[in-house]
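Throughout, a chain's letter reflects where its sequence line sits, starting with A, and its residues are numbered from 1. Note that these values count all heavy atoms, side chains included, but never hydrogens, waters or copies made by symmetry.
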Number of protein chains: 2
Amino acid sequence: MPPPANARPSASVELRATALEQFASVGFAGTSLQQIADAAGYSKSSVLYHFASKEALLEEVLTPAIDRLEAILEVFLATAETVESRRRFVNDFIDFILEFRLELHTFINQSQSLRGIPVIDRAGVLIVRLSDTLCHGEASTEDRIRFGIALGGAAYTLVAGMTFLGQEIAPADEIRPALLVVVTELLAPVTVRTTPSRK
Amino acid sequence: MPPPANARPSASVELRATALEQFASVGFAGTSLQQIADAAGYSKSSVLYHFASKEALLEEVLTPAIDRLEAILEVFLATAETVESRRRFVNDFIDFILEFRLELHTFINQSQSLRGIPVIDRAGVLIVRLSDTLCHGEASTEDRIRFGIALGGAAYTLVAGMTFLGQEIAPADEIRPALLVVVTELLAPVTVRTTPSRK
DNA sequence: ACGCTAGCTGACCGATCGGTCAGAGCCTGT
DNA sequence: ACAGGCTCTGACCGATCGGTCAGCTAGCGT
């Protein structure tokens, strides 16, 4: 029987977490199995015992995030679009971003160089669907740009940006409302500003 | 005397351009000197003849962009801040983004993994200064996030995003006005919306 | 005609890459 | 006490990495 869930994390869990950090900060190509192994306190052979290959490790690391994003999109597609449903979607989306910042950053900023890897391609079509959905069909350049900036901007800000712009990452409960305002402004621009004028 | 400027580009120019494309799309770590050489039609040895090292090549590729960004910031800092000067700054900034999209994408998305390389560090402090300037001192989390999203979002959208969101990159004169609206909205939120409500 | 230099290249270097494999250590069921 | 799995590891593999070096070639000044 597996330990009662409060034992120390298993090797494969530790390795996944370590690998994710490395992939997000140094890139997939820039991360060696040796680095991952050293950082997690195992040997390179151990990494390859738990994961068939470096690529397979990437897949296992990213899959939960893609699954979650897919689920969010399905929910949004399943209901008729109203101002309310769109607002709820943006909310879910921000939860997703905050929970999976490292995964998001990884496949946002490296999808082009990792084409052909199944999980990356899945993420690619998912993002296109997201984009099409939010701009419902008729796709003005500005709408596309809004979506792209929100997506890429959030991915950058929450991983790379915060680490040296704001020297320390602000706590999630401070980031969330600010992120909500900005992303809402980008993705649901019809909505009236919810905060009083800044400054 | 050098050729009258309409001769075919010299090797080092071709190599810089090729290297930039590779760095922006596959990452610095993911790009080998062999790839650059092959793509440009030279040998690896030739690359190392023109540039002392892979790192030096990166520096030469990014320096013009950083210089330009520095100049834009200096101009903005030299004049008293008014709504007009801020508007002009955003305009310059967008010109910069459009002209140096690949360079921007490269050092935005890889600065963390390339720390220690002089040109990258220069870019780093420059971005912090930019951020501090735009948020003048008192730095609310939301303002930081606005700046980060504009910066990272633009870098992503104009390189990675456009290539598969909008299947083909829209012409610059179509992107520019849309980008201007969105970035202005993010960086100079006081200004009234300049476009009629969309859709 | 000659030598010099700039541009370029292939051969080669040690290090590291992702990946394979044959065990070593340990826990468990019998 | 023994056998059989898990987990983990070091030794090792061919390929490729960034980088060095000697030498080839074409053009130019003299």
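The CZ-C1' distance, from A:Phe28 to C:dG18, rounds to 10 Å in whole Å. Rounded to an integer number of Å, the gap from A:Gln35 CD to C:dG18 C1' is 13 Å. If you take CG of B:Leu15 and P of C:dT9, they are 9 Å apart, rounded to a whole angstrom. Here the P atom of nucleotide C:dT20 and the CZ atom of A:Phe51 are 15 Å apart, to the nearest Å. For A:Lys54 and C:dT20, the NZ to C1' distance is 17 Å, given to the nearest whole Å. Look at CG on A:Leu48: it is 6 Å from C1' on C:dG19, rounded to the nearest Å. The distance between atom CD of B:Gln34 and atom P of C:dT16, rounded to the nearest whole Å, is 20 Å.
Contact annotation: A:Tyr49 does not reach the phosphate of D:dC8 (side-chain N/O to OP1 or OP2, under 4.0 Å). Taking only side-chain nitrogens and oxygens, B:Ser32 comes nearer than 4.0 Å to OP1 or OP2 of D:dC17. Here A:His50 does not reach the OP1 or OP2 of D:dC6: none of its side-chain N or O atoms lies under 4.0 Å away.
The residues A:Glu74 and A:Arg129 are annotated as salt-bridged, a charged nitrogen and a carboxylate oxygen being separated by less than 4.0 angstrom. Contact check on B:Arg87 versus B:Asp92 returns no salt bridge, with no Lys/Arg side-chain nitrogen under 4.0 Å from an Asp/Glu carboxylate oxygen. A salt bridge does not link B:Asp38 with B:Lys44: every distance from a Lys NZ or Arg NE/NH1/NH2 to an Asp or Glu carboxylate oxygen is 4.0 Å or more.
If you check C:dT9, D:dC17, C:dG18 against the side chain of B:Ser43, the one that comes closest is C:dT9. Listed candidates were D:dG19, C:dC17, C:dC8. Nearest to the side chain of B:Tyr42 is C:dC8.
B:Ser46 comes within 4.0 angstrom of a nucleotide base, judged by non-hydrogen atoms across all strands. Heavy atoms of B:Leu33 sit under 4.0 angstrom from primed sugar atoms or phosphate atoms, though from no base atom. Backbone-only engagement by A:Thr31 is indicated by non-hydrogen atom pairs under 4.0 Å involving sugar-phosphate atoms exclusively.
Taking the six-membered ring for Trp and thresholds of 30 and 60 degrees, A:Phe93 and A:Phe89 have nearly parallel ring planes, at less than 30 degrees apart.
Between the base of C:dG10 and the side chain of B:Ser45 there is a donor-acceptor pair shorter than 3.5 Å.
Projected onto DNA chain D by closest heavy-atom contact, A:Lys44 and A:Val47 fall at different nucleotides, the more 5' of which corresponds to A:Val47.
You'll find the side chain of A:Val13 reaches within 4.5 Å of the side chain of A:Arg16, heavy atoms only.
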